[in-house]
Each structure stands twice: as C-alpha cells, then as structure tokens.
Amino acid sequence: MFENFFEANRDSANKARQGKQTTGKKVIGVMPEYFPSEVITALGAYPVYFKGTQIPISRADTYLQSFSCTTTRTILEQAMKGDMDYVDGFVFTTMCDNQQNLSEVFRKLFPEKPVINFMIPFANSASIRQQHLKEELDKAIGALEPVTGKKFTQEGFKQAVSVYERRHALVKRLYDLRKRNPKALSAYEFYSIFKAGSVLPVEEFIGMLGPVVSELEKKAVQPVEHRVIISGITPEPLELAKVFDELEMYIVDDDMTNGARQHSKGVLAGVDAVSIDNFVFGGSPCSTLYNPAKDRRVYLADKAAENKAAVVLWQIKFCEPEAFERPDLMAYLKQHGIQVTSFEVELQMNSFEGIKTRLQAFKEIL
Ligand code: SF4
C-alpha cells in the first residue's frame with residue numbers, strides 16, 4: 001500500500017526529475033517551509049520542498065561550518081551532488097541564521113539559478129507583520145514570474161487553491177485516522193507519505209494518497225498503550241521512526257514541518273496581508289517564528305492532555321531555535337504532569353541504538 005511513497009523517497013531527485021518531465025513545469029525548490037505552494041502552483045510551476053535528508057556529508061563542509069545544523073548541511077550536499085540540477089529557482093524562508101546563510105551560499109555557488117528570499121518578520125504588532133508579509137509575498141511573486149514564465153492571476157490562484165484544498169482534506173483525514181487508530185499504520189509509513197509529498201507533483205500525490213486513506217479508514221480500531229507526540233523541526237532521519245514502531249510507542253500527533261505544522265496552517269486563502277499572515281502564523285507554534293500570541297508550551301501541554309500522550313522532543317543537533325526553547329518547554333510540561341523526554345540527532349546518522357535505549361527507558365516510566 002505504501003510502496004509508491006517508499007519508492008519516491010528512495011531516489012527523490014529522480015522522482016522530481018520525472019515529475020518535471022511529466023508535468024512540463026518549471027521547478028521551484030523551497031527551503032524549507034512557510035512559502036505557500038499555492039502561489040507556486042498558481043504560477044504554473046511545480047514546488048519541491050527540501051527539508052534535509054539522510055545522506056553522508058562530504059562536499060557541503062567546504063562551505064558550512066561543522067556546527068551548522070545537518071538540515072542545512074544535507075540540503076547543500078544534495079545541491080552540490082547534483083540532486084537539484086532540475087530546479088529552476090529557489091525560494092528561501094528566513095527562519096533561522098542557518099537558512100539565511102544557506103541562501104547566500106546558494107546564491108554564490110549556483111549563480112545561474114535565481115534565489116528568492118521570503119523574509120518572515122519578528123514583530124510585536126500584527127498589522128506591521130501583515131504589511132511586511134504582504135510586501136514580501138508581492139516581491140516573491142514578482143521575482144518568480146520570470147522564472148516560471150507565467151503571470152500570477154486570480155484565476156490561476158483559485159485553481160491552485162482548489163487543488164490544495166483536496167490535498168488538505170486528505171491529510172486531515174489521515175491525521176484524524178492516526179489519532180483514532182494509531183495502529184492503522186506505522187510511524188515510518190506515516191512520515192514516508194509526507195516526505196514523498198514534499199517531492200511529488202501535488203496532483204500525483206493526491207492521486208496516491210486518496211485510495212490509501214480510504215483503505216486505512218476501513219481498519220478496525222485497536223487499543224494502544226503508549227501514546228506519544230513528537231515535537232521539533234522535522235522527523236528526520238526518517239529511519240528513526242522505525243524505532244518508535246519497534247518499541248510500540250505510538251505517535252498520535254506532532255508539530256513537525258513534514259507533518260502537522262504543514263497542514264495546520266490550512267490552505268492560503270488569498271494573497272492579501274491577512275491571508276498570508278494567517279497562513280504563516282496560523283499553524284501550530286514553531287520555534288522559528290516569533291509569535292507572542294501562541295505559546296508552544298501551552299499548545300503541547302494541551303495536545304498531550306487531549307491525546308493522553310507523552311511528549312518526545314525530536315531535536316536536530318545545532319538547531320538553535322529548538323535548543324533555546326527546549327529547557328523551558330520541558331520544565332513547563334513536567335510542571336503540568338506531562339511525561340517528556342528529548343534526544344538529538346544528526347540527519348546523516350544511521351545507527352540509533354543509543355536513542356532506542358533511551359526511548360525504551362522512557363517507555364518504562366510511562
Ligand atoms: S530551523 Fe533548525 S534545523 Fe531548521 S534550518 Fe534552522 S537551525 Fe537548521
């Protein structure tokens with residue numbers, strides 16, 4: 001049932017090259033979150049999202065310090081290896097220093113490919129934030145038009161929105177299903193679907209996901225004992241999800257970019273200031289977004305209580321936004337009687353025995 005998704009992830013560069021060929025569209029590489037796919041699709045292009053992956057790093061270390069997070073280092077490695085040769089232009093969101101730095105490296109190393117920055121403001125005032133985001137979006141659309149060769153139109157946008165509404169409805173069904181029946185699919189299968197969704201043309205992804213969700217919904221609900229919520233930036237290396245499966249620790253929710261953070265934003269309703277603000281800041285709280293109106297501690301505590309689940313912080317080494325939030329987040333959850341633990345990973349790692357032992361010990365106290 002999941003083989004098509006696994007296959008897309010086995011060689012994502014090739015899958016995207018095929019996607020480019022079959023759709024005949026220009027490809028826009030998005031680094032790694034918060035720029036709306038709806039806009040890229042409305043411009044007749046095909047968005048591919050890069051969120052870091054499990055590959056050995058050799059070339060990227062010439063340009064990035066070894067204490068940069070492995071999300072950025074593996075993204076650069078993919079590019080230098082030639083795994084982004086099919087990309088016609090890039091959009092970076094300025095969510096942290098590492099991403100900002102990476103956009104400059106891309107600009108220098110790949111001068112033939114336009115690099116567009118979509119700056120997300122740190123502002124206390126919602127109206128200033130909205131205004132700024134609107135200006136940034138207009139600038140990005142203006143810069144994308146020559147890359148895609150298409151003009152942005154309201155008609156094109158409406159069509160793109162209807163596609164993403166279908167995608168969103170399916171993803172919501174999948175999330176609801178997992179919460180209701182965590183045994184319906186493994187964590188590895190679940191996150192493989194989302195990883196494939198970052199690289200596949202959206203229509204193809206919808207076509208693959210629809211029958212899978214319908215099939216999974218037919219499964220009888222089975223009780224589970226150990227429910228957890230994972231929290232962090234991205235559930236990579238994906239192989240690590242298998243450890244949760246082996247330990248029978250059932251992931252029932254998350255706030256990851258390759259997961260709930262993506263779909264909790266909903267679909268971009270318009271290209272006006274309020275809609276783009278709702279899109280960027282409307283989803284689950286994120287350590288990379290400054291949003292005084294949303295407290296991630298409260299959000300996670302509520303989620304954990306609602307799901308009768310413990311919390312596992314899946315952290316990427318040298319990710320400053322996450323590292324800064326972790327102590328306070330853990331203290332708050334503990335104070336509110338929620339079991340919480342954390343571990344750090346590097347994306348290129350392939351041995352998880354140490355983490356498995358820690359998770360096993362954590363499971364025993366649940
Ligand atoms: S948010 Fe964290 S993991 Fe993502 S690019 Fe920035 S430092 Fe790296």
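Source: prediction; values computed, not measured. For ligands, and for the atoms within them, numbers begin at 1 and follow the listed sequence. When reading the values below, keep in mind they use all heavy atoms of this one structure, side chains included, and skip hydrogens, waters and symmetry mates. Position 1 is the first residue of the sequence, and the numbers go up from there.
Residues Glu322 and Lys317 are not paired through a salt bridge, judged by the lack of any N-O separation under 4.0 Å between the basic side chain and the carboxylate.
Under the 6.0 Å distance and 45° angle rule, Lys242 counts as a cation-pi partner of Tyr188.
Residue contact check: Cys69 has heavy atoms under 4.0 Å from atoms 3 (S), 5 (S), 7 (S), 8 (Fe) of ligand 1. Close approach to Gln99 involves these atoms of ligand 1, each under 4.0 Å from a residue heavy atom: 5 (S). For ligand 1, the atoms closer than 4.0 angstrom to any heavy atom of Thr288 are 1 (S).
Of all the listed residues (Ile316, Thr257, Leu347, Asn98), Asn98 holds the heavy atom that lies closest to atom 7 (S) of ligand 1.
For atom 4 (Fe) of ligand 1, the nearest protein heavy atom (residue, atom name, distance) is Ile233 CG2, 3.9 Å. Closest to atom 3 (S) of ligand 1, if we only count protein heavy atoms, is Thr71 OG1, 3.3 Å.
In this structure, Phe190 has its ring center closer than 6.0 angstrom to the ring center of Tyr175. Phe92 has its ring centre less than 6.0 Å from the ring centre of Phe106.
The proximity of Cys319 to ligand 1, defined as any non-hydrogen pair under 4.0 Å, involves the side chain as well as the backbone.
Taking the side chain as every heavy atom from C-beta outward, Lys294 and Tyr299 never approach each other to under 4.5 Å.
The side chain to side chain contact (heavy atoms under 4.5 Å, CB included) test applied to Ala304 returns Ile229, Val311, Ile338, not counting sequence neighbours.
Residue side and main chain included, Cys96 places no N/O/S atom under 2.8 Å of atom 8 (Fe) of ligand 1.
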